[in-house]
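What follows is a single structure, written as structure tokens, with notes after it.
No hydrogens, no waters, no symmetry mates; every other heavy atom, side chains included, goes into these values.
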Amino acid sequence: MSQSTTNSRQLLQELHALKDVTAPSTILPTVLGELGLVDRYFTLDSAIGPLLVAFSDQGITAVRQASDEAAFVAAYPRTYGRPLHALAAPPTTLARAIANQLAGKKVALRFDLRACSTFEQATLRKALEIPRGEVRPYAWIAREIGKAGAVRAVGSALGRNPVPLLIPCHRIIRSDGQIGEYIFGSSAKRTILQTEGLDPTMIEQQARAKVRFLGSDTTHIYCFPTCHNARRITPEHLITFTSEAAAEQAGYRPCKACRPAHVA
């Protein structure tokens with residue numbers, strides 16, 4: 001028996017002992033949520049407007065725009081197999097953890113991805129590794145999860161990301177350097193990247209100039225342009241490359257932090 005189940009049964013016993021005492025209206029959803037019988041959700045303010053955050057006893061299950069609340073609540077049981085109850089206010093601990101993650105702090109948020117396939121879960125968890133203020137191409141995700149030929153499938157998995165923003169699929173861009181689409185729209189994607197310290201217009205300008213990687217002629221290491229190591233390269237030592245092959249032919253090694261190519 002899990003600790004969560006034990007605690008929930010103890011709580012039910014204590015509530016039963018109250019007999020005719022009127023309990024707060026929030027008690028039942030809380031108890032059912034702890035038992036894993038219902039999921040709960042709350043509204044979260046963000047840089048792209050209010051969002052709905054749903055969670056189960058195992059972690060965050062979904063993030064959607066608040067404008068679709070009625071449709072979201074109605075459709076939720078068909079996807080997750082559990083009803084969804086609204087909370088009047090976000091749980092303090094969870095809300096703090098989300099705020100910290102969005103601010104770029106290291107937080108171990110729990111995600112409930114049981115509704116996703118094994119491939120989708122691998123894709124989404126890899127996206128979590130991309131630091132705030134950096135982007136990677138779809139091909140990077142595919143290679144990192146050992147499916148180098150599945151770039152299109154990776155794109156589809158990210159397009160179905162049930163927890164956008166918190167699982168940062170907005171940090172994945174097209175292999176040609178263009179910003180690309182997003183579940184909440186390309187404008188929202190650009191806004192989020194800007195709040196994380198990136199300049200989407202500059203990223204696309206580099207792409208049009210066919211600048212795919214930046215290298216330092218002092219270290220002979222090359223990186224993705226948004227890598228934190230690339231930002232340390234001074235102009236007089238900056239070398240640009242149009243491809244991994246060009247960088248490696250020039251004698252440059254891939255960065256071990258952003259891994260623009262396989263690192264042994």
Side-chain angles (χ1 to χ4, degrees), residues 2 4-5 33 35-42 44 46 48 51-65 68-69 71-85 94 97-98 101-102 106-132 134-176 178-186 188-189 192-193 224 258-259 261-262:
S2 69
S4 175
T5 301
L35 288 170
L37 299 177
V38 304
D39 292 353
R40 292 156 285 171
Y41 75 98
F42 58 91
L44 171 75
S46 77
I48 56 173
L51 300 174
L52 306 175
V53 180
F55 63 100
S56 70
D57 61 324
Q58 297 191 31
I60 299 171
T61 57
V63 172
R64 291 292 183 272
Q65 291 178 303
D68 298 329
E69 183 170 0
F72 173 58
V73 173
Y76 192 91
R78 294 195 295 271
T79 301
Y80 299 95
R82 299 175 300 276
L84 193 61
H85 286 270
L94 180 56
I98 290 173
Q101 175 170 305
L102 294 179
K106 289 188 177 181
V107 178
L109 278 179
R110 292 193 308 143
F111 297 100
D112 182 349
L113 301 177
R114 288 175 291 173
C116 299
S117 70
T118 300
F119 178 85
E120 289 170 338
Q121 290 186 35
T123 297
L124 296 173
R125 294 196 185 283
K126 181 55 63 173
L128 281 167
E129 296 182 15
I130 303 172
R132 187 177 192 271
E134 299 186 25
V135 294
R136 301 283 187 274
Y138 291 101
W140 180 87
I141 294 278
R143 175 170 49 77
E144 286 276 313
I145 64 173
K147 303 289 184 180
V151 177
R152 184 168 295 181
V154 163
S156 296
L158 292 170
R160 293 190 296 269
N161 178 9
V163 195
L165 187 62
L166 301 184
I167 294 181
C169 57
H170 60 273
R171 296 176 190 159
I172 313 297
I173 63 174
R174 286 169 32 179
S175 294
D176 63 3
Q178 298 301 308
I179 295 301
E181 295 302 318
Y182 185 52
I183 189 171
F184 295 149
S186 57
K189 185 173 186 177
I192 297 169
L193 292 175
F224 285 116
C258 68
R259 302 187 296 280
H262 176 71

*Given side chains that start at C-beta, do those of Val154 and Lys126 come closer than 4.5 Å, heavy atoms only?*
no

*So how far is it from Ile145 CD1 to Leu124 CG, rounded to the nearest 0.5 Å?*
9.5 Å

*How many angstroms lie between CD1 in Ile48 and CD in Gln65, if you round to the nearest 0.5 Å?*
6.0 Å

*With respect to Phe42, which candidate in Leu52, Leu51, Leu94 satisfies the side chain to side chain contact (heavy atoms under 4.5 Å, CB included) definition?*
Leu94

_Quick check: closest heavy atoms across Arg174 and Pro137, and the distance to 0.1 Å?_
O-CB, 4.2 Å

*Are the side chain of Gln121 and the backbone of Cys116 linked by a donor-acceptor contact shorter than 3.5 Å?*
yes

*Under 4.5 Å between any side-chain heavy atoms of Pro131 and Arg136, yes or no?*
yes

*Please report the closest heavy-atom contact between Arg64 and Pro162, naming both atoms and the distance.*
NH1-O, 3.1 Å

*Do the ring planes of Phe72 and Tyr76 sit parallel (below 30°), tilted (30 to 60°) or perpendicular (above 60°)?*
perpendicular

*Would you check if Ile167 and Leu113 make a side-chain contact, meaning some heavy-atom pair closer than 4.5 Å?*
yes

*Is any side-chain heavy atom of Glu69 less than 4.5 Å from a side-chain heavy atom of Tyr41?*
yes

*For the student: nearest non-hydrogen atoms of Pro77 and Pro83, plus distance*: CG-CA, 4.1 Å

*Are any non-hydrogen side-chain atoms of Leu193 and Val135 less than 4.5 angstrom apart?*
yes

_Does Val53 form a side chain to side chain contact (heavy atoms under 4.5 Å, CB included) with Thr61? I'd like the steps, not just the answer._
CA-CA 8 Å; Val53 180; Thr61 57; over 6 Å; no

*Side chain of Trp140, backbone of Ile172: donor and acceptor closer than 3.5 Å?*
no

*How many angstroms lie between CG in Leu166 and CG in Asn161, if you round to the nearest 0.5 Å?*
9.0 Å

*Report yes if some heavy atom in the side chain of Ser46 is under 4.5 Å from a heavy atom in the side chain of Leu102; otherwise report no.*
no

*State, with a plain yes or no, whether a side-chain heavy atom of Val63 is found less than 4.5 Å away from one of Leu44.*
no

_Do Phe224 and Glu134 have side chains that approach each other closer than 4.5 Å (heavy atoms only, starting at C-beta)?_
no

_Please give me the minimum heavy-atom distance between Ile179 and Lys189, naming the atom from each residue._
O-NZ, 2.6 Å

_Point-to-point distance, once rounded to the nearest 0.5 Å, from CG of Leu109 to CD1 of Ile98_ = 6.0 Å

_Shortest non-hydrogen contact from Asp112 toward Ser56_ = OD2-OG, 2.6 Å

_Contact summary for His170 and Tyr182, nearest pair of heavy atoms_ = CB-CE1, 3.7 Å

*Atom CD of Gln58 and atom CG of Asp39: how far apart are they, to the nearest 0.5 Å?*
9.5 Å

